[in-house]
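Residue numbers start from 1 in every chain, and the chains themselves are labelled A, B, ... in the order their sequence lines are given, proteins ahead of strands. FYI, side chains are in, hydrogens and waters are out, and symmetry mates aren't considered; it's all heavy atoms of this structure. These numbers were taken from a predicted model, which means no experiment stands behind them.
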There are 2 protein chains.
Amino acid sequence: MRIGLTPERVVDTALELADASGLQNVTMTGVAQYAGVKTASLYAHVRDLNDLKTRMALSSLDELADHAAEALAGRAGKNALAALGNTYRDYARAHPGRYAATRIPLDHTSAATGGGPRNTDLTGAVLREYQLPEAERPHATRVLGATFHGFISLEQSGSFSHSSPGSDVSWQRTIDALDAMLRHWPEPSHTLNASHNENPA
Amino acid sequence: MRIGLTPERVVDTALELADASGLQNVTMTGVAQYAGVKTASLYAHVRDLNDLKTRMALSSLDELADHAAEALAGRAGKNALAALGNTYRDYARAHPGRYAATRIPLDHTSAATGGGPRNTDLTGAVLREYQLPEAERPHATRVLGATFHGFISLEQSGSFSHSSPGSDVSWQRTIDALDAMLRHWPEPSHTLNASHNENPA
DNA sequence: CCCGCTAGCCTAATATGATTAGGTAAATGC
DNA sequence: GCATTTACCTAATCATATTAGGCTAGCGGG
């Protein structure tokens, strides 16, 4: 009884498994069972677990960039900002395993090649209407990425789920606040906000 | 040859190991070797690996809150904001394993008890000088937490390390931008930033 | 229609890590 | 100095990753 496995099918199976039972349950054994095959058979299609995970990350990053690109089409300013953020958050909720896969550490080559840079570029595109000085763009891109990622991460780990306001409202306000931040982007200051001050941790 | 292990010593050993070789290398076997003891011996002091991880998280969260409290003493406004952010970032750099332990998911009871809430309260305290309406406080607290955590997380995973501006500069600008965001905190809008719009992911 | 080969899948074996059961001896208290 | 506690150990079991080598389904050529 031959299933007809290919590297792609293995990765897709792993991604489904991840969404269904969490990235931590994506093991060779788990994927094999889910695919109706013995564990060792997977090694004909992916080098090892690390290879599988890397492919999962690249696939998810790509899918995410596709969604983001579609959501941004024809939007600008705050609408684009909200669309981008919502795309990430909605994706994380609809596909928690795939979103988690997105955070798997990649080696330099994989990181430079895949959907990662595409996502960065799309974030950069959102900034266009905010007219920031050229030199400020990368920083603003990073803040947006950090805030979106951080919010989703905290939300998914349950950090928000047991304090008063629902996290939907906070998300709403986060978008509003980021929009305000971009519209009032500060001049580069020469006053250092002294790091490594008194307590070297 | 008795070492004189206690739960605390086991946890401290695990935390040192985490800082030295990464949280992913904190295994019963690894901790036991590091402590100069056989693996099974650890089970007299911690229930299992999960218990160990939980204790690591609580210990680190507490230590982090201590540092933050000390850093905030006598500061207000943007100075307090920068001090808080720098405390987190410096801690993450000085103790990557402990910081990572900080992100270990906790059950409700542990989460409500330990240093987690203390950290949240300290973030709330930073907002005092920004005079936000009572109802906006929790949202602002969450945005700050999300941005700090997201930035540090992206920085540590190397996402910033191979694009042009150094991440120190971006961090500087992030603090400036968050300060601007808090000073220009937007009125609650009734215009929904429509989530779940076209592509349900 | 059948022969032979390629590949897809399997069994078997090894290694590492978690966890439990039960034993031995060092420290502690009387 | 003896008994008890308990810190630590050995041995065994189970799950997962990974490698080596075997079997056969099903395809291409005759």
When you check the gap from the basic side-chain N to the acidic O, do [X] and [Y] get nearer than 4.0 Å?
X: A/D90; Y: A/R98; value: no
X: A/R118; Y: A/D121; value: no
X: B/D12; Y: B/R9; value: no

For D/dC9, take OP1 and OP2 only and decide whether either is under 4.0 Å from a side-chain N or O of B/S41.
-> yes
Rounded distance in Å - CG (A/L42) to C1' (D/dT16) =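 After rounding, the gap between these two atoms is 13 Å.
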For B/R142, which residues count as a salt bridge (Lys or Arg N to Asp or Glu O under 4.0 Å) partner, sequence neighbours excluded?
-> none
Enumerate donor-acceptor pairs with a distance under 3.5 Å from any side-chain N or O in residues 150-158 of chain A to protein atoms, sequence neighbours excluded.
unit_1: A/S153; atom_1: OG; unit_2: B/H149; atom_2: NE2; d: 3.0
unit_1: A/E155; atom_1: OE1; unit_2: A/R89; atom_2: NH1; d: 3.2
unit_1: A/E155; atom_1: OE2; unit_2: A/R89; atom_2: NH1; d: 2.5
unit_1: A/E155; atom_1: OE2; unit_2: A/S167; atom_2: OG; d: 2.7
unit_1: A/Q156; atom_1: NE2; unit_2: A/A92; atom_2: O; d: 2.9
unit_1: A/S157; atom_1: OG; unit_2: A/S153; atom_2: O; d: 3.4
unit_1: A/S157; atom_1: OG; unit_2: A/L154; atom_2: O; d: 3.1
unit_1: A/S157; atom_1: OG; unit_2: A/S159; atom_2: OG; d: 3.1

Compare all side-chain heavy atoms of B/L58 with those of B/T113 and state whether any distance is below 4.5 angstrom.
->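 The answer is no; the side chains never approach within 4.5 Å.
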Is the closest side-chain heavy-atom distance between A/M56 and A/L23 below 4.5 Å?
-> yes
By ring-ring contact (aromatic ring centres under 6.0 Å, His included) - contacts of A/F148 (at least two apart) =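 ring-ring contact (aromatic ring centres under 6.0 Å, His included) check on A/F148 returns A/W171.
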Pairwise N/O distances under 3.5 Å, protein to nucleotides 17-19 of chain D:
unit_1: D/dA17; atom_1: OP1; unit_2: A/M28; atom_2: N; d: 3.1
unit_1: D/dA17; atom_1: OP2; unit_2: A/M28; atom_2: N; d: 2.7
unit_1: D/dA17; atom_1: OP2; unit_2: A/T29; atom_2: N; d: 2.9
unit_1: D/dA17; atom_1: OP2; unit_2: A/T29; atom_2: OG1; d: 3.3
unit_1: D/dT18; atom_1: OP2; unit_2: A/Y43; atom_2: OH; d: 2.9
unit_1: D/dT18; atom_1: OP2; unit_2: A/L49; atom_2: N; d: 2.9
unit_1: D/dT18; atom_1: O5'; unit_2: A/Y43; atom_2: OH; d: 3.4

Mind listing the N/O atom pairs, protein and nucleotides 4-7 of chain D, below 3.5 Å?
unit_1: D/dA7; atom_1: O4'; unit_2: B/R2; atom_2: NH1; d: 3.2
unit_1: D/dA7; atom_1: N3; unit_2: B/R2; atom_2: NH2; d: 3.3

Members of residues 13-25 of chain B that approach DNA chain D, where some heavy atom sits under 4.0 Å away | none
Using a distance-only test with no angle check, is there a side-chain donor-acceptor pair under 3.5 angstrom linking A/D19 and A/Y99?
-> no
Apply salt bridge (charged side-chain N to carboxylate O under 4.0 Å, His left out) to A/D168 and A/R93, showing your working.
-> CA-CA 12 Å; A/D168 282 348; A/R93 298 170 134 196; 3.1 Å; yes
